[in-house]
Amino acid sequence: MDFLLQNTLSGHKEKVFPADGQTLRFYCCGPTVYGPAHIGNFRTFTIQDLFRRTAEAIGIRTCHVRNLTDVDDKTIRESQKAGLSLKAFTDQWTRRFEDDCKSLNLLEPHHSPSAVSHIPQQIELIQRLVDKGLAYKGQDGSVYFRISAFPAYGKLSGLCREGLVCNADGRLHSEDEYGKEDYSDFALWKAWKDEDGPNRWESPWGPGRPGWHIECSAMSMHYLGESYDVHSGGVDLVFPHHENEIAQSEGATGKPFARHWFHPTHLRVEGQKMSKSLGNLYTLEDIRARGFSPEELRYVLISGHFRQPLNFTWDSLHAARSALQRLHKFRSKLSPATPVVGQPAGSSIPEFGVWEPVMASLADDLNAAQALGRLFTLIPQAESALVSDPSGRESILAGFDRVMYAFGFRLEAETAPEGQLDIPADILALAEARWQAKQSRDWAKADALRLDLSSRGWVVKDTKDGYSLSPVAV
RNA sequence: GGCACGGUAGCCAAGUGGUAAGGCCGGGCUCUGCAAAAGCCCUAUGCGUCGGUUCGAUUCCGACCCGUGCCUCCA
């Protein structure tokens with residue numbers, strides 16, 4: 001099965017393949033670890049995970065690198081506010097990020113390099129650019145990339161320099177322009193300033209720290225080679241971040257950098273842009289606090305096409321819950337065993353059987369919305385097929401698990417046992433009394449007790465040989 | 001101002017030159033004391049507006065309206 005994906009560079013769908021015929025090498029721009037990542041960040045990371053899983057599910061081996069930005073203005077400033085060293089500060093948010101990723105069932109990258117731990121590689125790359133005349137030391141002591149010396153600048157974003165409005169949204173600080181030859185030039189090495197405190201590293205151009213863009217060029221080439229297969233990041237990174245990465249990397253090596261680029265679009269929340277002032281920068285913690293699971297969020301995040309803006313609503317999380325429960329039930333019907341979530345065997349050619357159309361949708365530009373539609377169309381068909389021919393169970397199950405691997409759904413039991421622990425004793429007693437009444441067929445009493453429980457905020461549901469209690473949904 | 005993207009049912013969201021996947025919600029039914037669960041069925045003569053091409057357009061073209069993103073360190 002071919003894997004097609006629209007390439008930002010060309011604007012066309014192109015085949016995803018490992019140039020070396022072995023391993024698909026790809027790099028994803030990771031988080032800046034200065035606070036909890038929000039669900040918008042996780043849309044990007046989850047789509048990238050879907051990309052990797054899709055590749056693996058159809059038999060492509062991968063090498064996935066995702067960086068951690070642990071030194072920049074924000075990390076320095078916030079660590080100082082928190083009264084922590086930069087390392088202690090970023091370590092704590094890195095752990096949080098990793099925990100969140102695990103909750104969302106994101107496959108761990110093969111390498112997760114941080115900027116601070118790759119300073120020499122960055123200095124070396126800057127030196128190459130200086131040697132080639134593509135970079136210069138500015139009046140403020142910082143080193144800048146000379147865009148006028150790189151004619152291909154703008155090929156990814158399609159922005160021509162003439163069309164750029166200076167500081168279009170007012171985000172730029174005046175000091176950022178100081179010392180540059182040209183407004184468009186960007187910092188490779190930032191000279192140390194008082195407010196940076198102890199956060200400084202020695203370099204041929206004096207003490208300071210790397211600029212933001214250089215870390216991705218240096219680290220991706222360090223782990224994946226000077227030319228590699230795929231590079232991805234949020235759509236806002238197309239310009240300037242990825243444009244700058246291309247300039248730095250291709251300027252230094254003279255070789256094509258990443259061949260294939262893709263950019264998930266931003267998430268919107270309840271029809272609005274996400275922002276601090278609107279209070280809708282939800283984190284995984286917020287999702288849990290409302291009683292939803294990370295897996296339900298994952299479903300929502302991949303349920304729309306990645307290049308389409310996705311509108312997150314609490315309603316969509318409810319929809320995701322129901323949809324996942326249906327998948328879970330179908331899976332349980334096929335086999336009571338917990339699904340295998342490991343990577344499909346790399347050597348064997350994956351068989352998807354009746355689920356082939358689902359996989360074909362994913363492999364066609366990661367069309368997860370269509371894939372899910374096909375999945376839910378096929379499930380009843382598979383069920384009736386099993387009734388007439390139970391011998392197909394094994395292959396239906398194997399294919400289904402492969403497809404679930406691609407989606408990244410664990411389909412584990414949805415209720416966590418810890419949630420059931422703190423039922424008050426009086427509630428339990430009432431429920432028990434109701435059960436006794438029911439056993440003695442005293443329907444009036446049983447119903448009265450149900451009402452009583454309900455007024456105390458508890459719902460009782462009878463099962464085959466017992467009952468379950470759960471708090472009334474808010 | 002430049003570049004890009006989008007407007008499909010109550011909500012989310014695919015898709016196609018021949019007449020609209022799927023999910024959620026809602027409604028009906030079946031089944032169990034009831035409830036829940038489960039199963040079955042129903043729910044857009046319509047795809048932003050107006051023109052054009054065509055035997056036929058939601059799909060192609062043009063104009064317009066509305067919304068969104070980016071335009072130098074935001075995923």
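In what follows, chains are A, B, ... by sequence order, proteins preceding strands, each numbered from 1.
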Is there any protein nitrogen or oxygen under 3.5 Å from a nitrogen or oxygen in nucleotides 36-39 of chain B, and what are the pairs?
from, atom 1, to, atom 2, distance (Å)
B:A38, OP1, A:Lys329, NZ, 2.5

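- Side-chain proximity of A:Pro240 to the nucleotides B:C24, B:G33, B:U72 is greatest for B:U72.
- For the P atom pair drawn from B:C24 and B:G33, the interatomic distance equals 28 Å after rounding to whole Å.
- When heavy atoms are screened at a 4.0 angstrom cut-off, A:Ala369 is found touching base atoms of the nucleic acid.
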Inset, instruction - Go through the steps for A:Tyr282 and A:Phe292 under the test ring pair (Phe, Tyr, Trp, His ring centres under 6.0 Å), then give the verdict. - result: CA-CA 12 Å; A:Tyr282 299 125; A:Phe292 292 103; over 10 Å; no

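- Residue A:His38 places its side chain closer to B:A75 than to any other of B:A75, B:G69, B:G33.
- Between the side chain of A:Arg321 and the base of B:C24, no donor-acceptor pair under 3.5 Å is found.
- Atom CZ in A:Phe42 sits roughly 16 Å away from atom C1' in B:C74 (whole-Å rounding).
- The stretch residues 353-361 of chain A has no heavy atom under 4.0 Å from RNA chain B, so no residue of it qualifies as close.
- In this structure, CZ of A:Arg268 is placed 12 Å from P of B:C12, rounded to the nearest angstrom.
- Separating the C1' atom of B:U53 from that of B:G39 is a span of 49 Å, rounded to the nearest Å.
- Nucleotides B:U8 and B:U19 have their C1' atoms positioned 15 Å apart, rounded to a whole Å.
- Taking the centre of each ring, A:His260 and A:His231 stay at or above the 6.0 Å mark.
- A:Ser232 and A:Gln48 form a side-chain donor-acceptor contact under 3.5 Å, judged by distance and modelled atom types alone.
- If you take atom P in B:G27 and the same atom in B:A35, they sit 14 Å apart, rounded to whole Å.
- Among the atoms of the strands shown, none is found under 4.0 Å from any heavy atom of A:Arg66.
- Using a distance-only test at 3.5 Å, with no hydrogens or angles considered, no donor-acceptor pair links the side chain of A:Asn7 to the main chain of A:Glu14.
- Residue A:Gly233 is classed as a sugar-phosphate contact, given heavy-atom separations below 4.0 Å to backbone atoms only.
- Looking only at atom types and distance, the side chain of A:His118 has no donor-acceptor partner in the side chain of A:Gln122 under 3.5 Å away.
- Across all strands shown, A:Ser316 has no heavy atoms under 4.0 Å from either base or sugar-phosphate atoms.
- For A:Glu285, the CD atom counts as loosely surrounded, since its 6.0 Å shell holds 12 or fewer non-hydrogen atoms of other residues, nucleotides or ligands.
- Applying the salt bridge (charged side-chain N to carboxylate O under 4.0 Å, His left out) test between A:Glu383 and each of A:Arg326, A:Lys333, A:Arg393, A:Arg331 identifies A:Lys333 as the sole match.
- Nearest to the side-chain atoms of A:Lys438 among the listed nucleotides B:A14, B:A75, B:C34 stands B:C34.
- One interatomic measurement links the two molecules: NZ of A:Lys445 to C1' of B:C34, which rounds to 17 Å at whole-angstrom precision.
- The base of B:A21 has none of its N or O atoms less than 3.5 Å from a complementary donor or acceptor on the side chain of A:Arg374.
- Picking from B:C73, B:C74, B:A35 the nucleotide with the shortest atom distance to the side chain of A:Asp236 gives B:C74.
- The CD atom of A:Glu270 sits 17 Å away from the C1' atom of B:U68 (whole-angstrom rounding).
- Salt-bridge formation is not detected for the pair A:Arg209/A:Asp72: no Lys NZ or Arg NE/NH1/NH2 atom is positioned less than 4.0 Å from an Asp or Glu carboxylate oxygen.
- Formation of a donor-acceptor pair under 3.5 Å by the A:Trp93 side chain with backbone atoms of A:Pro36 is not found in this model.
- Rounded to the nearest Å, the gap between the C1' atom of B:C41 and that of B:U58 is 27 Å.
- Among the protein residues, A:His318 comes within range of no part of the nucleic acid, since none of its heavy atoms lies under 4.0 Å from any strand.
- Between the C1' atoms of B:A9 and B:C25, the separation comes to 12 Å (whole Å).
- The aromatic rings of A:Trp212 and A:His241 lie parallel to each other, their planes meeting at an angle below 30°, with 60° marking the opposite boundary.
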Legend entry - 5'-to-3' dot-bracket of RNA chain B (Watson-Crick, G-U; under 3.5 angstrom; crossing pairs as [ ]; | other strand): (((((((..(((.....[...))).(((((.......))))).....(((((..]....))))))))))))....

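- Residue A:Asn311 places at least one side-chain N or O under 4.0 Å from the OP1 or OP2 atom of B:C12.
- Distance, A:Phe407 CZ to B:G22 C1': 11 Å, rounded to whole Å.
- Atoms CE (A:Met274) and P (B:C74) sit 14 Å apart, rounded to a whole Å.
- With distances taken from any side-chain atom of A:Leu310 to the nucleotides B:A13, B:C24, B:A21, the minimum falls on B:A13.
- We find that CD of A:Gln308 is positioned 9 Å from P of B:A13, with the value rounded to whole Å.
- Each of B:A21, B:G15, B:C70 was ranked by its minimum atom distance to the side chain of A:Gln370; first place goes to B:G15.
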Inset, instruction - With ring pair (Phe, Tyr, Trp, His ring centres under 6.0 Å) as the test, would you mind laying out the steps for A:Phe330 and A:Phe400 before giving the verdict? - result: CA-CA 10 Å; A:Phe330 175 68; A:Phe400 186 77; 5.0 Å; yes

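- Rounded to whole Å, the P atom of B:G51 lies 16 Å from the corresponding atom of B:G56.
- Comparing A:Asp447 and A:Asn244 by the nucleotide of RNA chain B whose heavy atom lies nearest to each, the residue mapping closer to the 5' end is A:Asp447.
- No donor-acceptor distance shorter than 3.5 angstrom exists from the side chain of A:Asp365 to the backbone of A:Asn367, with no hydrogens or angles considered.
- Aromatic ring centroids of A:Tyr299 and A:Phe407 lie 6.0 Å or more apart.
- Ring stacking holds between A:Trp443 and B:G33, with the centres under 5.5 Å apart and the planes within 30 degrees of each other.
- Applying the 4.0 Å criterion to OP1 and OP2 of B:C73, one finds that A:Lys74 has every side-chain N and O outside that range.
- Only the P atoms considered, B:U45 is 25 Å distant from B:G6, to the nearest whole Å.
- In terms of position on RNA chain B, the residue among A:Ala446 and A:Ser303 whose nearest nucleotide sits closer to the 5' end is A:Ser303.
- Across B:C73, B:A75, B:C71, the shortest atom-to-atom separation from the side chain of A:Phe239 is found for B:C71.
- Contact of A:Lys273 with B:C74 (side chain to base): no donor-acceptor pair of N or O atoms is detected under 3.5 Å.
- What separates CG of A:Asp365 from P of B:G15 is a distance of 9 Å, to the nearest Å.
- In this model, the phosphate group of B:A21 is not approached by any side-chain N or O of A:Asn367 to a distance below 4.0 Å at OP1 or OP2.
- A distance-only check finds a donor-acceptor pair linking the side chain of A:Glu295 to the backbone of A:Arg410 [under 3.5 Å].
- Aromatic ring centres of A:His64 and A:His111: separated by at least 6.0 Å.
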